Participant: 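First, the structure itself, so that you have it in front of you.
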Number of protein chains: 2
Amino acid sequence: MTKMYKENSLSKNQQIIFDLIDKSPEPLKAYTILFYVQKKGIKAPPQVYRALDKLVEIGKIHKIESKNAFVACKNSNCEISKATAFSICERCEEVDEVSDTKLSKYLSKFNDKKGMTFKRFNLEFFGLCKRCKIK
Amino acid sequence: MTKMYKENSLSKNQQIIFDLIDKSPEPLKAYTILFYVQKKGIKAPPQVYRALDKLVEIGKIHKIESKNAFVACKNSNCEISKATAFSICERCEEVDEVSDTKLSKYLSKFNDKKGMTFKRFNLEFFGLCKRCKIK
DNA sequence: CTTTAAAATGTTATATTATTACATACTGTT
DNA sequence: AACAGTATGTAATAATATAACATTTTAAAG
């Protein structure tokens, strides 16, 4: 019959790359990740991209599309990357995941006029963070 | 004094590239654009990217971040690219600009908890379009 | 404990997307 | 005519991402 595979644990490369992203205070790009994990034996881009793809798929990380960079998911409530929202400071480049249940519900229920059925959305807000506003 | 420059007309390259994008039924990528405009004398990537940057800046086109592709703005009411929303079919790749005043207002007024001031947002919905749902 | 399908890995090469840097020309105001 | 801002042309290269193929690991099922 169809086999069941474990869903919780990460593979070696996935774990290495997730740990790095999770510890990072800022979004990491694929080649920055590659640079840092070379000492751990991950030597080539496909290894990085494969792990990233998988981590995105299972919702452990998100891709910030406007920056081609990746952050760990801090919410447990963005159900497997179906509903993501980020705030991005245009000056200091700080990125935060916006977790607002109302917003998330509002967008998840949104139906467009042309009859599309939405499975997923990604929202990116741009502006100035608290600190950068002052300066 | 500070000079005033014209704000309405596009330069030659900008016009060529805008026309191409505007006529296209689908988002166009930079190198696809480059291919099509070579017969008009635009030969190198920087020429394309510069025109694209400018057209985005003045709100004549938008970038679909998840696809690295560009579409013409069909709304006159997304005030200079400050508030953009798109629906993207995951099967046929069709992209439409979502113009929903309520949604736009809701998101423009959204304030996050960390005190950021938002100037702009981009929202991308993914799912299946009407036609692809049937198949 | 062996077989097996799925998942993950390793590796080389290459494709795609985007920018730097610098020289030149055009545009419209003063 | 002088100028400042904008746009253009061009070559080179940087940054991001995938294709293709061989091999190995994982863990469920027999």
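Remember, predicted model here, so these are calculated numbers, not experimental data.
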Participant: Give the rounded distance in Å between these two atoms: CZ of Phe70(A) and C1' of dA17(D).
Facilitator: 10 Å
Participant: Side chains of Asp96(A) and Ser87(A): is there a donor and an acceptor less than 3.5 Å apart?
Facilitator: no
Participant: At under 4.0 Å between heavy atoms, what does Lys63(B) touch on the DNA or RNA strands: base, sugar-phosphate, or nothing?
Facilitator: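 Sugar-phosphate contact only.
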Participant: Enumerate the protein-to-nucleotides 7-9 of chain D contacts in which both atoms are nitrogen or oxygen and the separation is below 3.5 Å.
Facilitator:
{"unit_1": "dA7(D)", "atom_1": "OP1", "unit_2": "Gln14(B)", "atom_2": "NE2", "d": "3.4"}
{"unit_1": "dA7(D)", "atom_1": "O3'", "unit_2": "Ser11(B)", "atom_2": "OG", "d": "3.2"}
{"unit_1": "dT8(D)", "atom_1": "OP1", "unit_2": "Ser11(B)", "atom_2": "OG", "d": "2.9"}
{"unit_1": "dT8(D)", "atom_1": "OP1", "unit_2": "Asn13(B)", "atom_2": "N", "d": "2.9"}
{"unit_1": "dG9(D)", "atom_1": "OP2", "unit_2": "Asn13(B)", "atom_2": "ND2", "d": "3.1"}
{"unit_1": "dG9(D)", "atom_1": "OP2", "unit_2": "Gln47(B)", "atom_2": "NE2", "d": "2.4"}
{"unit_1": "dG9(D)", "atom_1": "O5'", "unit_2": "Gln47(B)", "atom_2": "NE2", "d": "3.3"}
{"unit_1": "dG9(D)", "atom_1": "N7", "unit_2": "Arg50(B)", "atom_2": "NH2", "d": "2.6"}
{"unit_1": "dG9(D)", "atom_1": "O6", "unit_2": "Arg50(B)", "atom_2": "NH1", "d": "2.8"}

Participant: Need the bend value for the helix from dC1(C)-dG30(D) to dT30(C)-dA1(D): angle between end axes, 5 pairs each end, nearest 10°.
Facilitator: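 Helix axis angle between the two ends: 30°.
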Participant: Expressed in angstrom and rounded to an integer, what is the separation of Leu52(A) atom CG from dT18(D) atom P?
Facilitator: 10 Å
Participant: Check which hydrophobic residues are tied to Leu128(A) through side-chain heavy-atom contacts below 4.5 Å, counting indirect links as well, and list them.
Facilitator: none
Participant: I'd like to check the side-chain contact (heavy atoms from CB on, under 4.5 Å) partners of Lys63(A); sequence neighbours left out, ordered by chain and number.
Facilitator: Glu65(A), Asn68(A), Phe70(A)
Participant: Going by side-chain heavy atoms closer than 4.5 Å, which hydrophobic residues are tied to Ile134(B), directly or by a chain of links?
Facilitator: none
Participant: Is the closest basic N to carboxylate O distance between Glu124(B) and Lys67(B) below 4.0 Å?
Facilitator: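 No salt bridge links Glu124(B) with Lys67(B).
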Participant: Only counting residues at least two apart or in another chain, list the ones meeting side-chain hydrogen bond (donor to acceptor under 3.5 Å, both in side chains) with Arg91(B).
Facilitator: none
Participant: I need the residues from residues 17-40 of chain B with at least one non-hydrogen atom less than 4.0 Å from DNA chain C; give them sorted by number, or say none.
Facilitator: Lys29(B), Tyr31(B)
Participant: Is any side-chain nitrogen or oxygen of Asn68(A) closer than 4.0 Å to OP1 or OP2 of dA17(D)?
Facilitator: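 Asn68(A) to dA17(D) OP1/OP2: side-chain N or O found under 4.0 Å.
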Participant: Test of understanding: with ring pair (Phe, Tyr, Trp, His ring centres under 6.0 Å), list the residues that count as partners of Tyr36(B), not counting sequence neighbours.
Facilitator: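 Tyr36(B) satisfies ring pair (Phe, Tyr, Trp, His ring centres under 6.0 Å) with no other residue.
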Participant: Please state how far atom CG in Leu10(A) lies from atom C1' in dT9(C), giving the value in whole angstrom units.
Facilitator: 15 Å
Participant: From CD1 of Ile58(B) over to C1' of dG5(D), roughly how many Å is that when rounded to an integer?
Facilitator: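 Ile58(B) atom CD1 is separated from dG5(D) atom C1' by 16 Å.
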Participant: Who pairs with Phe86(B) by ring pair (Phe, Tyr, Trp, His ring centres under 6.0 Å), at least two apart in sequence or on another chain?
Facilitator: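 Result, ring pair (Phe, Tyr, Trp, His ring centres under 6.0 Å) vs Phe86(B): His62(B).
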Participant: Rounded to the Å, how far apart are Asp53(A) CG and dT16(D) P?
Facilitator: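 Checked: the CG to P distance equals 16 Å.
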Participant: If I take atom OH in residue Tyr49(A) and atom P in nucleotide dT17(C), what distance separates them, rounded to the nearest angstrom?
Facilitator: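 Taking atom P of dT17(C) as the reference, OH of Tyr49(A) is at 12 Å.
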Participant: Sequence neighbours excluded and cut-off under 3.5 Å, please list the side-chain donor-acceptor pairs for residues 10-26 of chain B, or say none.
Facilitator:
{"unit_1": "Ser11(B)", "atom_1": "OG", "unit_2": "Gln14(B)", "atom_2": "N", "d": "3.4"}
{"unit_1": "Ser11(B)", "atom_1": "OG", "unit_2": "Gln14(B)", "atom_2": "OE1", "d": "3.4"}
{"unit_1": "Ser11(B)", "atom_1": "OG", "unit_2": "Gln14(B)", "atom_2": "NE2", "d": "3.4"}
{"unit_1": "Gln14(B)", "atom_1": "OE1", "unit_2": "Ser11(B)", "atom_2": "N", "d": "3.0"}
{"unit_1": "Gln15(B)", "atom_1": "NE2", "unit_2": "Asp19(B)", "atom_2": "OD1", "d": "3.0"}
{"unit_1": "Ser24(B)", "atom_1": "OG", "unit_2": "Glu26(B)", "atom_2": "N", "d": "3.1"}
{"unit_1": "Ser24(B)", "atom_1": "OG", "unit_2": "Glu26(B)", "atom_2": "O", "d": "2.5"}

Participant: Please list, one pair per line, the donor and acceptor atoms closer than 3.5 Å that link side chains of residues 42-55 of chain A to other protein atoms, with sequence neighbours excluded.
Facilitator:
{"unit_1": "Gln47(A)", "atom_1": "OE1", "unit_2": "Lys43(A)", "atom_2": "N", "d": "2.9"}
{"unit_1": "Gln47(A)", "atom_1": "OE1", "unit_2": "Ala44(A)", "atom_2": "N", "d": "2.9"}

Participant: Return the value, rounded to whole Å, for the distance between atom CD of Gln15(A) and atom C1' of dT26(D).
Facilitator: 16 Å
Participant: Running the 4.5 Å side-chain criterion over Ile, Leu, Val, Met, Phe, Trp and Tyr, what cluster does Leu107(A) land in, apart from itself?
Facilitator: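 So far as hydrophobic clustering goes, Leu107(A) is joined with Val98(A), Leu103(A), Tyr106(A), Phe110(A), Met116(A), Phe118(A), Phe121(A), Leu123(A), Phe125(A), Val98(B), Leu103(B), Tyr106(B), Leu107(B), Phe110(B), Met116(B), Phe118(B), Phe121(B), Leu123(B), Phe125(B).
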